[in-house]
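Structure first, then comments.
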There are 2 protein chains.
Amino acid sequence: MADVARLAGVAISTVSRALANPGRVNEKTRAKINAAARQLGYTPNAMARGLRVGKSNIIMIILPGSLYYGASQVIPQVLQSINKSLIQGGYNLMIANLDRDEVSERHILDLAFGGSVRGAIILSSKLPEVDGRSLANSGLPIVSMLLDMSDAGLQSVVTNDREAVRDVTAELIRLGHRRFFYLAGPEGNYHDVERYGGVLEALDAAGLSEDLVHRSGGHLDYQHGFDIGVQAADDFAELTEKPTAVIATSDDMAISFVSRIQRTGLSIPGDLSVVSFDGSPVCEFCSPPLSTIKQPVEEMGRAAVDLLLDAIDQRQTTATVRTVIRSSLILRESVGSPKS
Amino acid sequence: MADVARLAGVAISTVSRALANPGRVNEKTRAKINAAARQLGYTPNAMARGLRVGKSNIIMIILPGSLYYGASQVIPQVLQSINKSLIQGGYNLMIANLDRDEVSERHILDLAFGGSVRGAIILSSKLPEVDGRSLANSGLPIVSMLLDMSDAGLQSVVTNDREAVRDVTAELIRLGHRRFFYLAGPEGNYHDVERYGGVLEALDAAGLSEDLVHRSGGHLDYQHGFDIGVQAADDFAELTEKPTAVIATSDDMAISFVSRIQRTGLSIPGDLSVVSFDGSPVCEFCSPPLSTIKQPVEEMGRAAVDLLLDAIDQRQTTATVRTVIRSSLILRESVGSPKS
DNA sequence: TTGTACGCGTTATCAA
DNA sequence: TTGATAACGCGTACAA
């Protein structure tokens, strides 16, 4: 910066202003400074700036190690969407992985308390906390995405899992289905609770017993989506009274389940209707094309970033702590009426 | 840090040493200092440290905007693998998107020249360059991954696309296939050149004419993998002399192509054999299960990080500029002999 | 083994 | 509108 100042014939502080706060410097001197900077190939040092202003321009996204590239291909779209919004706001995106070990928790806490990051978007249900340091009271703005953590006081951007599953179950009931097969992801997990809850609500509303739904899976994490479907198919084979409709909590498990089930000679939707969750593009090209509840990941990403930047800029911290963005059901040939 | 020093009854510099260079301080005072630090919930400021030592601990990965979540689900695994290796080395991963606009180039150059990052892994064929600043002479260690950029002097970690496609084509020829349908991604792209080159090499080696292969696609980017397959199916329908084998350059396009082709009444592998590239897990559950060339993305990620950290640490900059990690063919039911 | 003192490259304050 | 100067929090000579 000193070099630029010398070349432009001004003081260092003027260069700083011209570059960081262009409005507060004469247009002509600013031109001189910009020319000098370009000529010297000068770029301001981000760490020095960060140190001085006491702020980083990096946002971290905290991904739970286990669902990283499970959750059926949702993560890359989340990253894409979030990064795009952040860059427009002048921020950069850093990836942080939260596993079940203390090392990764400590790592994230170091990032948070060491001033490396300005805010966080978290996709995990657990907030890092070690040795009295806790992400919750790091002072960092945090937004939860996919999972509702408004109980913990976090702004949360979620989709209406429960309602979406309730509606699709109601539709299956309307079509005449009375026995259901529910394919669970990680058990007790927020998504599991919500989605299974939606199934039960629909049954209750129709005056049907909750015993009509058989749960399968629940002991593997999202990363093993395909494995869950494979095991569920074995599970299905054991059943004496066969369900006529399957509700899967991710496209991956639906796809592998369907593949295995078809091998046993059952046809879809003739013998069995199938609907799943996520909205992966590949569902359109399965045979039969798979019905799926599409998560609005791009919109959720944008919303999460908006909330985070609002919190950072102290723009009125929205009172609503829970932002719900609706899923949409894509109905395809995998769903039909049961044989009578 | 001053607070910690006061509480521990030592000088600030001793605290600094104890935390950043534990070997150079008495064990007992170090314990005192650690205790004080923990009690105060102290975490060293990363930007101040970075400024002082003149080094960041952030690595950026440069993703081309257009293939971001195309390339059939390869990217999330790349990120996962790279991030894991980086964290072990004490580094953090930042995401940077390189689109075709000057804004994103400038953004990346600011990161590089502003001292924000310590090195870069690039998955794009274009090095940002604007106003005389160029990533190539930023002084930053750079490793290219997926694409061979050794011509530009960059350490490159790639798989043996050409050879893998050559081998699988040779296998198809051995099975009796004589007419081929090649499904291209972005035309002229490194992968296209290599993979198509592999097809031609196999034909040449078998003494067959290059006219036996029909190229389809090539005008859309990877992000539209499924669309490419759909259009290719239309293209296929126009052909008077039907090929008996399809070589697709990504699983996505193979999947949508197969879906559409089956609707026209053709059967796979009876009428048409299909093999594709990437090794997506979903291929196992297609009907029929899809043969695919699996890219060793995890290994490639690890190798890229190793090379990058070597370059950063000035450990002898490996003379070999091109690291090849072999793909493996997963042969499934989508491939068979042609009808005679 | 520990302490003193300086400087890394910025920006903010204040005065001119 | 511009310039001089202090300070952000740390690491590292160098001296003790």
Side-chain angles (χ1 to χ4, degrees), chain A residues 1-37 40-58 90 92 109-118 138-139, chain B residues 1-37 40-58 90 109-118 133 138-139:
Chain A
M1 200 148 127
D3 294 342
V4 175
R6 204 172 307 121
L7 182 57
V10 297
I12 293 185
S13 56
T14 307
V15 176
S16 172
R17 254 187 310 250
L19 267 34
N21 219 334
R24 298 172 64 86
V25 62
N26 182 296
E27 186 183 338
K28 211 175 149 194
T29 51
R30 198 175 57 209
K32 241 182 355 192
I33 289 170
N34 284 333
L40 295 177
Y42 168 77
T43 306
N45 183 291
M47 291 193 297
R49 171 177 291 172
L51 174 61
R52 174 61 231 231
V53 303
K55 296 165 182 165
S56 149
N57 70 339
I58 300 175
N92 290 113
L109 290 169
D110 286 346
L111 254 19
F113 285 86
S116 293
V117 305
R118 188 73 188 286
S138 61
Chain B
M1 198 148 128
D3 294 342
V4 176
R6 205 174 305 121
L7 181 57
V10 296
I12 294 185
S13 60
T14 307
V15 176
S16 171
R17 258 187 306 251
L19 268 34
N21 217 337
R24 299 172 65 87
V25 62
N26 182 296
E27 187 183 335
K28 212 176 145 194
T29 50
R30 199 176 54 207
K32 242 183 353 194
I33 289 170
N34 284 333
L40 294 177
Y42 169 76
T43 305
N45 183 290
M47 290 193 297
R49 171 177 290 172
L51 175 59
R52 174 60 231 235
V53 303
K55 295 164 182 164
S56 151
N57 70 340
I58 299 176
L109 290 169
D110 285 346
L111 254 20
F113 284 86
S116 293
V117 305
R118 189 73 188 287
R133 293 187 309 174
S138 62

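Computed from a prediction, not measured in an experiment: that's the story for all the values here. So that the names make sense, note that chain A is the first sequence line, chain B the second, and so on, each numbered from 1.
The main-chain N or O of A:R24 is never found under 3.5 Å from a side-chain atom of A:N21 such that the two would form a donor-acceptor pair.
Between B:R17 atom CZ and D:dC14 atom C1' the separation is 11 Å, expressed in whole Å. Taking atom CD1 on A:I12 and atom C1' on C:dG9, their separation rounds to 9 Å, with Å as the unit. Here the C1' atom of nucleotide C:dT13 and the CZ atom of A:R24 are 11 Å apart, to the nearest Å. Taking atom CG of residue A:N26 and atom P of nucleotide D:dG3, one finds them 11 Å apart after rounding to whole Å. Rounded to whole Å, atom C1' of C:dG9 lies 13 Å from atom CG of A:L19. The interatomic distance linking A:I33 (CD1) with D:dT2 (P) rounds to 7 Å, in whole Å. Distance, A:M1 CE to D:dA4 P: 13 Å, rounded to whole Å. Taking atom NZ of B:K28 as the reference point, atom P of C:dT2 lies 11 Å away to the nearest angstrom.
Considering only the side chain of A:A20, C:dT11 comes nearest among D:dG11, C:dT1, C:dT11.
In this model, the phosphate group of D:dG3 is approached by a side-chain N or O of A:T14 to a distance below 4.0 Å at OP1 or OP2. For C:dT2, the OP1/OP2 oxygens have a side-chain nitrogen or oxygen of B:T29 closer than 4.0 Å.
By the 4.5 Å heavy-atom criterion applied to side chains, A:I58 and A:L111 are not counted as neighbours. Here the side chains of A:T43 and B:L109 are not in contact, with every heavy-atom distance at 4.5 Å or above. Counting only heavy atoms from C-beta outward, the side chains of A:L19 and A:Y42 approach each other to under 4.5 Å. Considering only heavy atoms from C-beta on, A:M1 comes within 4.5 Å of A:S16 through its side chain.
The overall bend of the helix from C:dT1-D:dA16 to C:dA16-D:dT1, read as the angle between its terminal helix axes built from five base pairs each, is 30° when rounded to 10 degrees.
B:R133 and B:S138 form no side-chain donor-acceptor contact under 3.5 Å, judged by distance and modelled atom types alone.
Considering every non-hydrogen atom in both B:R49 and B:A20, the closest pair reads NH2-CB, 3.8 Å.
Annotation: the span from A:N45 atom CG to B:M47 atom CE amounts to 10.5 Å, rounded to 0.5 Å. Considering OG1 of A:T14 and NZ of A:K32, their distance stands at 9.5 Å, rounded to 0.5 Å.
A heavy atom lying under 4.0 Å from DNA chain D marks the following residues of residues 41-55 of chain B, by number: B:Y42, B:P44, B:N45, B:A48, B:R49, B:R52, B:V53.
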